[in-house]
Visitor: 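First the structure, which I've put down as structure tokens, then a few questions once you've had a look.
In what follows, chains are A, B, ... by sequence order, proteins preceding strands, each numbered from 1. Heavy atoms only: backbone and side chains are in, while hydrogens, waters and symmetry mates are out.
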Protein chains: 2
Amino acid sequence: MESLPIHITINSELYTKNPESSDLGKKIVRTSIEMINDLGFESFTFKKLGVAIESNESSIYRYFESKHALLVYLINWYWSWIEYKLVFATTNITSAKDKLNTAITLFTQEVKEDNSFTFINEVLLNKIIISESAKAYHTKDVDEENKKGFYETYKRVVQRVSDIVLEINPKFEFPHMLISTVIEGAHHQRYFSQHLPALTDVEEGKNNVVRFYTDLVQKTIV
Amino acid sequence: MESLPIHITINSELYTKNPESSDLGKKIVRTSIEMINDLGFESFTFKKLGVAIESNESSIYRYFESKHALLVYLINWYWSWIEYKLVFATTNITSAKDKLNTAITLFTQEVKEDNSFTFINEVLLNKIIISESAKAYHTKDVDEENKKGFYETYKRVVQRVSDIVLEINPKFEFPHMLISTVIEGAHHQRYFSQHLPALTDVEEGKNNVVRFYTDLVQKTIV
DNA sequence: AATATATGAAAGTATTACTATTAAACCGAA
DNA sequence: TTCGGTTTAATAGTAATACTTTCATATATT
């Protein structure tokens, strides 16, 4: 896909001070992505991040009120980016079936290149989504955070693709279930292939995740 | 299903001292299930559990070396129990298709009654699986723990049902992907229906989760 | 040059996830 | 019924986490 100098805007509820507004802010986000990948979300701390960026813990708290808030920010950035790619890739496609296949491929394929039109490494961010994103919404505060719009971008992406499903088959009863199953499922399969291979059938270079879910969706919505 | 006085044996790697060997041990497990449901896994601590059971934190550590270890124990108990139900429910069914449907129903239906042939409340345990089980394997120690057999019961259940899929269609390429997608997917849908309803199409009393996945599986394996 | 804003340094707090030690209670066998 | 072993309770302690607060300093704006 062509790389454009687009700008992804994040809901201001999701940070205390906009990390894009300063070099320090961008460094916090950029470095946190690397560190969450290396250490895992549990072992990642603002203290360690402070050391890594040669800044202070208290300065990081000026941008994000907690590491949970930072994770939610990253997840929203990811889904905004996917939404952009989705809209870009499906515009001017007239066939709903082609649009759906494009969307499913986008959700299930490995993210391999960092287009780097921004300060965010999308390859690493995709790995965080796969390994850590469930931790963002599996908390006792989900309901409250959901009301505040913390999961809007994800929901909007699911809605867009559900609408494509309904274009193809207006009588299909479970479009949201289908799309969220595909998205979460693809993430699980990528994780399992690395860590619990007995739970999957992923093989190097055979594109099995994309093929499996593309076929599953086509057959299911008929 | 008929309630039998069966006994579920848990791999002794999964505890320091077998909680089934004493009243205190059973109380630890029983009460931890209630508390993890009430507080969520993050806010649950051995200190709080000690207060609740009128025992001491240090006594709990004699049974489980950490709260993570306790969660892994519960998850294994759950999958052993599901495996038992699976084997029981599919024995004497000759049609592979019927066996598969039985399995899918078992995975996707809500657990509503506590058969209570044990000290474990299965309804609450099922809720923990839905909300917290991803936290068990989304850690930096997965690979190590997987080697030690911490996820054997889950893998065995997936294998059993994958074998049924292959009985129906020996050429189907992705049986493990399909089954793990259904299991994880059903858990997500139940969670979403409670907390992020925009991501699902679950409706009270309409059995949508079971219907959706049963239909999806049948169409996909053809 | 004055002022506002952003960042840094340091110290402090409550809580967590443990570990270690010792003493008391319990329990079965001689 | 007392001995020995095991189990549990009570207490204290540790290192780390997830912050908060305060104040000083650097930098940018007017």
Side-chain angles (χ1 to χ4, degrees), chain A residues 12 14-32 35-36 38-74 119 132 135-136 138-141 144-145 150, chain B residues 12 14-32 35-36 38-74 119 132 135-136 138-141 144-145 150:
Chain A
S12 63
L14 296 169
Y15 48 74
T16 309
K17 179 184 158 92
N18 190 347
E20 290 192 70
S21 70
S22 73
D23 284 348
L24 180 65
K26 283 177 221 158
K27 212 170 171 187
I28 287 170
V29 173
R30 194 189 314 119
T31 311
S32 73
M35 291 185 79
I36 292 172
D38 289 345
L39 305 173
F41 187 66
E42 280 70 36
S43 300
F44 164 77
T45 71
F46 279 5
K47 177 129 220 168
K48 289 174 188 169
L49 176 58
V51 173
I53 62 175
E54 289 175 296
S55 174
N56 200 270
E57 211 187 343
S58 60
S59 302
I60 301 165
Y61 277 102
R62 289 218 178 73
Y63 289 85
F64 296 102
E65 68 177 32
S66 65
K67 71 171 182 173
H68 171 77
L70 170 58
L71 181 60
V72 172
Y73 175 92
L74 294 177
F119 57 108
E132 318 289 357
K135 293 169 190 170
H138 281 139
T139 49
K140 279 286 148 180
D141 302 324
E144 208 180 305
E145 297 188 346
F150 282 27
Chain B
S12 62
L14 297 169
Y15 47 75
T16 310
K17 180 183 157 90
N18 191 346
E20 290 192 71
S21 70
S22 73
D23 284 348
L24 181 64
K26 284 178 221 158
K27 211 170 170 187
I28 287 170
V29 172
R30 194 189 314 121
T31 311
S32 72
M35 291 186 79
I36 292 171
D38 289 345
L39 305 173
F41 187 65
E42 280 70 35
S43 300
F44 164 78
T45 71
F46 279 4
K47 179 130 217 167
K48 289 175 188 169
L49 176 58
V51 172
I53 63 175
E54 289 175 297
S55 176
N56 201 271
E57 208 187 344
S58 59
S59 303
I60 301 164
Y61 278 101
R62 291 226 174 66
Y63 289 86
F64 297 102
E65 66 178 33
S66 65
K67 72 171 182 172
H68 172 76
L70 170 57
L71 180 61
V72 172
Y73 175 91
L74 294 178
F119 57 109
E132 318 288 356
K135 293 168 191 171
H138 282 139
T139 48
K140 279 286 150 181
D141 303 324
E144 207 181 306
E145 297 188 346
F150 283 27

Visitor: It should be established whether Y63(B) places a side-chain nitrogen or oxygen under 4.0 Å from OP1 or OP2 of nucleotide dT8(D).
Guide: yes
Visitor: Give a yes or no on this: more than 12 heavy atoms of other residues, nucleotides or ligands lie within 6.0 Å of atom NZ of K47(B).
Guide: no
Visitor: Detail all sub-3.5 Å separations between protein N/O atoms and N/O atoms belonging to nucleotides 18-27 of chain D.
Guide:
{"from": "dC19(D)", "atom 1": "O5'", "to": "Y61(A)", "atom 2": "OH", "distance (Å)": "2.9"}
{"from": "dC19(D)", "atom 1": "O4'", "to": "Y61(A)", "atom 2": "OH", "distance (Å)": "3.3"}
{"from": "dC19(D)", "atom 1": "N4", "to": "E57(A)", "atom 2": "OE1", "distance (Å)": "3.3"}
{"from": "dC19(D)", "atom 1": "N4", "to": "E57(A)", "atom 2": "OE2", "distance (Å)": "3.4"}

Visitor: Among dA9(D), dG8(C), dT8(D), which is the nearest nucleotide to the side chain of K17(B)?
Guide: dT8(D)
Visitor: Measure the distance from NZ on K48(A) to C1' on dA15(D) and round it to the nearest whole Å.
Guide: 13 Å
Visitor: Between I60(A) (CD1) and dA9(C) (C1'), how many Å, whole number?
Guide: 14 Å
Visitor: Do T139(B) and D141(B) pair up side chain to side chain, a donor and an acceptor below 3.5 Å, judged on atom types alone?
Guide: no
Visitor: To the nearest 0.5 Å, what is the distance between CZ (F46(A)) and OG (S58(A))?
Guide: 12.0 Å
Visitor: Using every non-hydrogen atom in the two residues, find where G40(A) and E132(A) come nearest and quote the distance to one decimal.
Guide: CA-OE2, 3.7 Å
Visitor: Is a side-chain donor or acceptor of K67(B) paired with a backbone partner of F44(B) at a separation under 3.5 angstrom?
Guide: yes
Visitor: Write down the distance between CG (D23(B)) and P (dA25(C)), rounded to a whole number of angstrom.
Guide: 19 Å
Visitor: Measure the distance from NZ on K27(B) to C1' on dA9(D) and round it to the nearest whole Å.
Guide: 13 Å
Visitor: May I ask you to evaluate whether S22(B) reaches the phosphate of dT8(D), defined as a side-chain N or O under 4.0 Å from OP1 or OP2?
Guide: yes
Visitor: Between atom CG in L39(B) and atom P in dT15(C), what is the gap in whole Å?
Guide: 15 Å
Visitor: How many whole angstroms separate atom CG of L24(A) from atom C1' of dT5(C)?
Guide: 14 Å
Visitor: Quiz question: by atom type and distance under 3.5 Å, do the side chains of H68(B) and E42(A) form a donor-acceptor pair?
Guide: no
